[in-house]
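One structure below.
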Amino acid sequence: MNNPEAHSNQLIVIPRSQHNISRKSISDAALKVLYRLSNSGHRACLVGGGVRDLLLGVHPKDFDVATDATPEEIRALFKNSRIIGRRFRLVHIRFGRDIIEVATFRAHSEDSPKTELDTHGRILRDNTFGDIEEDAIRRDFTINALYYDIHDFSMLDYAGGLQDIEQRQLRLIGDATTRYQEDPVRMLRAIRFAAKLDFSIEASAADAIHECGRLLAVIPPARMFDEVVKLFHSGCARRVFELLREYKLLRYLVPALDEWLQEEPSELMLDFIDQALVNTDNRVNSGQPVSPGFIFAVLLWPVVLQQANQIQSDRQRMIPALVQVGETVMKRQVRHISIPRRFSQMARDIWSSQPRFHRTQGKQAQRLLEFPVFRAAYDFMCIQAMVGLFPYHLSRWWTDFQVDQDIATVAEPEKTRRPRRRRRKRSAD
Ligand code: ATP
Ligand code: MG
């Protein structure tokens with residue numbers, strides 16, 4: 001399927017005079033790497049997200065370089081580099097806070113002894129070096145297989161990516177089912193790029209997600225964590241969430257939430273998730289810090305709260321119930337996505353501190369303010385208050401209290417009306 005003969009696309013070369021990628025928009029670090037490789041007699045190209053995003057007028061997140069130099073040759077050229085990866089060996093070159101990822105051109109070769117597949121057809125290891133054309137067609141989407149050649153500043157399109165950029169669609173290179181079988185994470189990448197670039201997923205790539213979704217169960221939980229964080233910290237988490245539901249993939253990421261969504265979910269709680277994702281998107285897009293702990297706290301909150309309410313109806317005793325349920329829910333979750341302990345602990349602390357926001361009396365309030373997760377727990381509570389899951393006047397009180405801690409001893413919180421929020425129309429699903 002994925003060999004050059006079977007692939008009908010012809011190489012399209014676009015000379016510098018006919019495309020709009022300028023060196024000014026490429027980071028100094030990436031240029032340095034490209035030039036040094038090229039001056040040492042190697043072929044060196046910018047590839048992947050950097051080229052794609054520049055063509056779309058989007059600011060690239062990072063720059064990836066592809067070259068015919070081997071990892072050892074790259075390593076020898078850059079003191080500030082190290083070889084990483086097992087599945088694919090790559091070189092990371094560090095320039096201050098910037099890292100340029102450099103990959104040697106690789107071939108996708110099913111027959112090669114260097115390609116290891118598991119029983120589902122998943123690629124476990126693939127370090128067969130190849131030429132640039134082979135490197136292009138082993139990539140996932142056509143729009144990710146465009147090269148900017150530092151030698152003459154031309155653009156090379158081996159897979160029809162330019163046309164797909166024009167048509168704003170994500171098309172897998174080769175047969176969609178096979179490509180997802182080789183690496184099921186490509187389904188999550190499809191969702192992420194569709195959300196981030198506002199592209200459609202071409203029909204065969206979309207259909208195959210329904211067929212192959214279950215393969216996500218074989219992805220190691222640590223890789224799932226990386227991908228899920230990329231999805232929810234993409235700056236378009238709200239759209240990602242919609243797409244995950246549409247493509248029925250949520251069950252492989254957060255099965256407890258998926259089950260909760262199957263039973264008539266409460267509108268308020270759906271609003272809460274929506275609002276929390278909007279909040280995360282706003283933070284990402286304005287450069288404020290975000291944490292995976294907060295995301296998992298949000299996604300599992302409907303389940304945690306429902307189960308805590310089932311075992312404890314007395315609000316005064318809610319904290320131990322949330323602690324207990326939080327532990328069980330998290331235990332199940334980490335079987336699918338291995339959430340590093342500091343983040344799972346953060347989610348559990350956010351949950352169990354929610355009832356404490358009802359207590360506005362002096363010392364207790366002061367103590368909550370000193371909690372390590374206070375800031376995240378407070379944001380979480382404010383989002384609950386916005387949608388009507390928590391008394392709005394209390395959220396106002398906590399906002400004021402952080403500015404002027406004397407108010408706790410001066411007055412009881414005053415009941416103010418929550419501003420009316422316009423409900424978003426929701427299609428039934
Ligand atoms: P961004 O960096 O904006 O998230 P990207 O497309 O650059 O997007 P990376 O994860 O940085 O994504 O990967 C760089 C390139 O490597 C991709 O553009 C693609 O060509 C190739 N690639 C990455 N992951 C896969 C995969 N799972 N299967 C095939 N090719 C992949
Ligand atoms: Mg990239």
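In listed order, ligands and their atoms are each counted from 1.
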request  = Report yes if some N/O of Gly49 lies less than 3.5 Å from some N/O of ligand 1; otherwise report no.
outcome  = yes
Check: of Arg179, Glu182, Arg189, min heavy-atom distance to atom 10 (O) of ligand 1 comes from Arg189
Quick note on ligand 1: atoms under 4.0 Å from a heavy atom of Lys196 include exactly 3 (O)
So the atoms of ligand 1 within less than 4.0 Å of a heavy atom of Arg138 turn out to be 29 (C)
Hits for side-chain contact (heavy atoms from CB on, under 4.5 Å) against His358, two or more places apart or cross-chain, chain-then-number order -> Arg315, Phe390, Pro391, Leu394
Per-atom filter on ligand 1: closer than 4.0 angstrom to a heavy atom of Lys61 are 1 (P), 2 (O), 4 (O)
Looking only at atom types and distance, does a side-chain atom of Thr70 sit under 3.5 Å from a main-chain N or O of Glu73, one as donor and one as acceptor? yes
The reported gap from CG in Asp62 to CD1 in Ile100 (rounded to nearest 0.5 angstrom) is 8.0 Å
Under 4.0 Å between heavy atoms, the region of Asp140 that gets near ligand 1 turns out to be both
Practice item. Could you label the plane-to-plane angle of the Phe343 and Phe225 rings as parallel, tilted or perpendicular, counting under 30° as parallel and over 60° as perpendicular? Key: parallel
Short version for Asn144: what comes under 4.0 Å of ligand 1, heavy atoms counted, is both
| query | Between Arg16 and Asp152, is there a donor-acceptor pair closer than 3.5 Å when you use the side chain of the first and the backbone of the second? | reply | no
| request: Give the ring-plane orientation class for Phe380 versus Trp301, where under 30° counts as parallel, over 60° as perpendicular and anything between as tilted. | output: perpendicular
Given the side-chain rings of Phe357 and Trp398, with only the six-membered ring counted for Trp, is the space between their centroids under 6.0 Å? yes
So the atoms of ligand 1 within less than 4.0 Å of a heavy atom of Arg192 turn out to be 4 (O)
Asp64 OD2 to Asp62 OD1 via the Mg ion (ligand 2), rounded to 10°, gives 100°
Look at the rings of Trp397 and Phe401 and say which category their plane angle falls in: under 30° parallel, 30 to 60° tilted, over 60° perpendicular. parallel
Does ligand 1 have an atom under 4.0 Å from some heavy atom of Val185?
no
Short version for Glu101: what comes under 4.0 Å of ligand 1, heavy atoms counted, is neither
Honestly, for Asp62 the part within reach of ligand 1 (heavy atoms, under 4.0 Å) is side chain
At under 4.0 Å between heavy atoms, what of Arg139 touches ligand 1? The answer is both
Answer yes or no for Glu101: is there an N/O/S atom below the 2.8 Å cut-off from the Mg ion (ligand 2)? no
The atoms of ligand 1 lying under 4.0 Å from a heavy atom of Asp64, numbered in the order shown, are 7 (O), 11 (O), 14 (C)
Which of Arg186, Arg139, Met187 passes side chain to side chain contact (heavy atoms under 4.5 Å, CB included) with Arg179? It is Arg186
Review point. With a 4.0 Å cut-off on heavy atoms, is Phe193 touching ligand 1?
Key: yes
Taking only non-hydrogen atoms of Gly48 and a 4.0 Å limit, the atoms of ligand 1 in range are 18 (O)
